[in-house]
2 protein chains.
Amino acid sequence: MNIDDIAKLAGVSKATVSRVLNHRPFVREETREKVWQVIRDMGFSPSIIARNLSLKKSQCIGVILPEIETGFYSELLKSMDLEATLRGYFLLVTFSHSARELGWGEKFLHSGMVEGLIVMMPEVSEVMIKNLMKWGRRVVVLNKKFSKPFVPTLNVDDVDASYQLVSHLLQHGYETVGIVTGPKENFDSQERLVGYMKALLDHGKKFDPSLVEEGDFTEISGYEAVERMSGRGKLPRAIFFSNDAMAMGGIRWLEKKGIKIPEEVAVAGFDDVELSKHLRLTTVRIPIKEMGKIAVESVLGIREEREIIVKGELVIRESCGC
Amino acid sequence: MNIDDIAKLAGVSKATVSRVLNHRPFVREETREKVWQVIRDMGFSPSIIARNLSLKKSQCIGVILPEIETGFYSELLKSMDLEATLRGYFLLVTFSHSARELGWGEKFLHSGMVEGLIVMMPEVSEVMIKNLMKWGRRVVVLNKKFSKPFVPTLNVDDVDASYQLVSHLLQHGYETVGIVTGPKENFDSQERLVGYMKALLDHGKKFDPSLVEEGDFTEISGYEAVERMSGRGKLPRAIFFSNDAMAMGGIRWLEKKGIKIPEEVAVAGFDDVELSKHLRLTTVRIPIKEMGKIAVESVLGIREEREIIVKGELVIRESCGC
DNA sequence: GTGAAAGCGCTAACAC
DNA sequence: GTGTTAGCGCTTTCAC
């Protein structure tokens with residue numbers, strides 16, 4: 001069953017059926033109604049493939065996902081899906097491994113299967129991106145900073161986000177603010193530490209190494225970090241955990257010791273995961289929904305900026321007592 | 001640049017170019033070489049869209065992802081990507097929300113954008129699936145059991161997997177084996193508990209409720225569960241945690257108390273996440289790679305079975321002392 | 001071996 | 001308003 005069959009059954013030409021299908025004007029109301037009737041009766045749905053060939057588009061956006069998954073990228077993918085679907089686009093997804101091994105660039109970009117490509121691979125190199133760009137399609141890179149802006153990128157300002165959060169704590173008047181960092185070698189962790197130090201500096205506090213503990217982003221490590229901090233003397237008046245999971249571990253330890261939050265120790269996290277709302281945890285939210293939307297808009301050429309940086313958003317709840 | 005241009009440049013007809021592109025026989029070797037030469041020189045890549053229209057296929061498999069993501073589905077998606085790519089297919093991905101709200105069934109299935117659909121939504125209903133099936137494309141449902149097999153499904157045998165694991169511990173001679181379950185209302189958790197009880201029964205042990213603790217699949221909950229277990233008396237000789245995260249929490253607690261693993265308490269988990277290897281944790285692996293492969297084969301009609309059930313795989317490491 | 005020509009199912013000028 | 005027709009870029013049958 002194709003557009004010709006419908007045309008015959010409705011007693012019109014296929015041009016008219018096409019007009020009706022695409023809600024174009026210049027069709028008499030009664031003709032339109034008759035055509036719809038036949039379309040409904042026949043349960044007809046036009047072939048997207050033929051339509052795409054005719055229009056020379058694919059309605060597909062390619063997405064390359066990183067090999068290792070933290071949940072962050074699933075969320076991002078979800079918000080991209082929402083935006084893409086709203087705009088009538090499909091998401092063609094693959095993982096970086098397949099992308100590299102199996103000539104994704106050639107297969108997808110050059111052959112016209114996708115109109116643009118969103119790349120989410122922290123380990124991507126400038127050369128790889130340039131290789132992908134040579135097919136003449138739009139490419140957008142997420143969560144990766146290059147020294148020169150040769151391709152549109154979209155990043156989160158981690159330094160600013162942790163600066164906002166720690167400043168908030170300091171402005172509230174807390175004398176001592178400790179930090180539980182992620183692994184030393186982790187880039188995000190480093191940026192969050194920088195934001196913390198910058199905030200201290202700007203508020204006339206001096207950096208106290210005894211208020212810094214290293215964790216590994218797991219719940220347990222937050223638990224143990226606070227325990228160590230406490231073992232070294234008095235706990236700081238407020239603790240900034242470099243992610244929510246560690247904050248949760250920290251809260252468990254504090255609660256177990258009967259230490260009141262936020263009356264005795266204020267607590268803040270980073271990420272705003274689902275659970276944080278229930279725990280009333282003050283934290284910073286990465287605007288994932290916004291990022292997905294921006295990525296899609298950017299790959300579709302609706303946005304033109306070279307380097308897009310989104311700010312984290314302070315989420316103030318009871319755990320910081322502010 | 002299209003197939004006609006290449007044909008002209010190579011001084012042949014487009015039929016010949018098509019034969020060369022598709023590695024068909026009946027082309028003189030020197031003609032073939034000349035055509036390839038032009039294709040390479042021009043950096044030509046045929047339009048997949050046109051090819052698909054001509055062949056009446058789309059080379060796309062649709063995948064519906066669940067709204068909530070546990071990491072399991074990302075892994076599954078990754079293995080499906082691998083298999084699909086190997087078979088020359090693309091994965092068109094969307095999330096259940098978009099799928100429902102925006103008429104995915106009609107848009108994707110009926111319009112011919114995808115040749116089949118893999119559905120991963122734990123909350124999917126029989127009616128929804130039947131609705132999707134009416135477009136005449138193959139549909140495969142993962143991780144969902146229906147009372148009647150009206151659609152091909154692919155599931156993990158959780159009961160069997162935990163049975164295997166607990167049997168292994170019992171066969172090793174451990175007198176008492178405790179369990180830390182997931183949330184009571186969780187279906188997977190229930191199945192794992194059933195496997196545990198079945199193993200006890202088959203090995204002539206009686207079920208001791210004091211050796212059962214409930215967790216919530218988080219690391220901390222495993223930690224606390226063992227603590228509670230210990231508070232109630234002597235710890236069992238071996239503990240089966242219903243997932244690896246809880247096992248890790250349990251291990252942290254035991255190590256902190258200086259209890260030797262596996263000499264004093266043997267430990268086993270479930271899932272075989274990345275970290276488990278490093279911790280030398282005995283566990284059960286869900287064959288995600290195999291599942292992804294099967295799902296793709298099934299949706300492409302390479303497999304015909306109605307109900308596919310895959311078995312978990314015992315991964316024996318040092319933590320169980322066997 | 002190779003080429004001409006007829007589709008695949010749709011869109012969009014252009015004519016009426 | 002509606003129909004005719006020429007593509008979109010490829011595959012494939014059938015002559016030669």
Side-chain angles (χ1 to χ4, degrees), chain A residues 1-36 38-39 42-60 88 106-115 135-136, chain B residues 1-36 38-39 42-60 88 106-115 135-136:
Chain A
M1 175 97 348
N2 62 27
I3 200 173
D4 271 309
D5 300 328
I6 300 296
K8 281 196 196 88
L9 286 169
V12 298
S13 76
K14 60 180 187 173
T16 299
V17 177
S18 177
R19 286 188 193 103
V20 171
L21 280 171
N22 296 291
H23 306 97
R24 294 249 186 298
F26 307 124
V27 179
R28 207 189 327 148
E29 207 39 60
E30 74 190 73
T31 313
R32 189 184 296 278
E33 194 37 62
K34 184 174 55 184
V35 172
W36 273 127
V38 176
I39 290 173
M42 297 289 104
F44 169 73
S45 179
S47 157
I48 295 197
I49 313 235
R51 179 168 204 277
N52 284 344
L53 175 59
S54 185
L55 295 176
K56 287 149 98 49
K57 17 177 272 172
S58 71
Q59 289 196 80
C60 287
E106 170 116 8
K107 196 166 169 192
F108 276 44
L109 292 173
H110 198 29
S111 64
M113 194 63 195
V114 303
E115 292 175 31
W135 304 116
Chain B
M1 174 103 341
N2 61 26
I3 200 173
D4 271 308
D5 301 327
I6 300 295
K8 282 194 196 91
L9 287 168
V12 297
S13 74
K14 59 181 187 174
T16 299
V17 178
S18 176
R19 287 189 192 101
V20 172
L21 280 171
N22 296 292
H23 305 96
R24 294 251 184 298
F26 308 122
V27 179
R28 206 186 331 146
E29 206 40 60
E30 73 191 72
T31 312
R32 189 184 294 278
E33 194 37 61
K34 185 174 54 184
V35 172
W36 272 126
V38 176
I39 290 174
M42 296 289 104
F44 170 72
S45 179
S47 157
I48 294 197
I49 312 236
R51 180 168 204 279
N52 285 343
L53 175 59
S54 187
L55 295 176
K56 285 148 95 58
K57 16 177 274 173
S58 71
Q59 289 197 80
C60 287
E106 170 115 7
K107 195 165 169 189
F108 276 46
L109 292 173
H110 198 196
S111 63
M113 194 64 195
V114 303
E115 292 175 31
W135 305 117

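Please read all numbers here as calculations on a predicted model, not as lab measurements. To find a chain, count down the sequence lines: A is the first, B the second, and so on, and within it residues start at 1.
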About how many Å separate CD1 of Ile48(A) and CD1 of Ile49(B), when rounded to the nearest 0.5 Å?
10.5 Å
Output a table of nitrogen or oxygen pairs between the protein and nucleotides 13-16 of chain D separated by less than 3.5 Å.
none

Using whole Å, what does the distance between atom C1' of nucleotide dT12(D) and atom NE2 of His23(B) come to?
18 Å
Please name all residues satisfying side chain to side chain contact (heavy atoms under 4.5 Å, CB included) with Leu109(B), sequence neighbours left out, ordered by chain then number.
Val114(B), Leu117(B), Leu132(B), Trp135(B), Arg137(B)
Are any non-hydrogen side-chain atoms of Ser58(A) and Glu115(A) less than 4.5 angstrom apart?
yes
Rounded to 10°, the angle between the first-five-pair and last-five-pair axes of the helix from dG1(C)-dC16(D) to dC16(C)-dG1(D) is 40°
Sequence neighbours excluded, every pair satisfying ring pair (Phe, Tyr, Trp, His ring centres under 6.0 Å) that has a member inside residues 11-34 of chain A:
His23(A)-Trp36(A)
Can you list, pair by pair, the side-chain donor-acceptor contacts under 3.5 Å of residues 5-22 of chain B, counting residues two or more places apart and other chains?
unit_1   : atom_1 : unit_2   : atom_2 : d
Asp5(B)  : OD2    : Asn2(B)  : N      : 2.9
Ser13(B) : OG     : Ala15(B) : N      : 3.3
Ser13(B) : OG     : Thr16(B) : N      : 3.4
Asn22(B) : OD1    : Arg51(B) : NH2    : 3.0
Asn22(B) : ND2    : Ser18(B) : O      : 2.8

Could you pull out all residues at least two apart from Arg28(B) that satisfy salt bridge (Lys or Arg N to Asp or Glu O under 4.0 Å)?
Glu30(B)
By nearest nucleotide on DNA chain C, pick out whichever of Met1(A) and Arg32(B) is the more 5' one.
Arg32(B)
So, OP1 or OP2 of dT2(D): does either fall under 4.0 Å of a side-chain N or O from Thr16(A)?
no
Contacts of Ser54(A) that satisfy side chain to side chain contact (heavy atoms under 4.5 Å, CB included) - sequence neighbours left out
none
Taking any atom under 4.0 angstrom from a heavy atom of chain A, which nucleotides of DNA chain C are the first and last to qualify, 5' to 3'?
dG9(C) to dA13(C)
Contact summary for Asn52(B) and Lys57(B), nearest pair of heavy atoms:
CB-O, 2.8 Å
Compare every heavy atom of Cys60(B) with every heavy atom of Met113(B), then report the nearest pair and how far apart it is.
O-CB, 3.3 Å
Round to a whole Å and report the spacing from CG of Asn22(B) to C1' of dT11(D).
8 Å
With a non-hydrogen cut-off below 4.0 angstrom, is Arg24(B) in contact with a base, only sugar-phosphate, or nothing?
sugar-phosphate
Residues of residues 45-60 of chain A with any non-hydrogen atom less than 4.0 angstrom from an atom of DNA chain D: list those, numerically ordered, please.
Leu53(A), Ser54(A), Lys56(A)
Residues touching DNA chain C, which here means a heavy atom under 4.0 Å, drawn from residues 3-13 of chain B:
Gly11(B), Val12(B), Ser13(B)
If you look at every heavy atom in Pro46(A) and Ser111(B), which pair is closest and at what distance?
O-CB, 3.5 Å
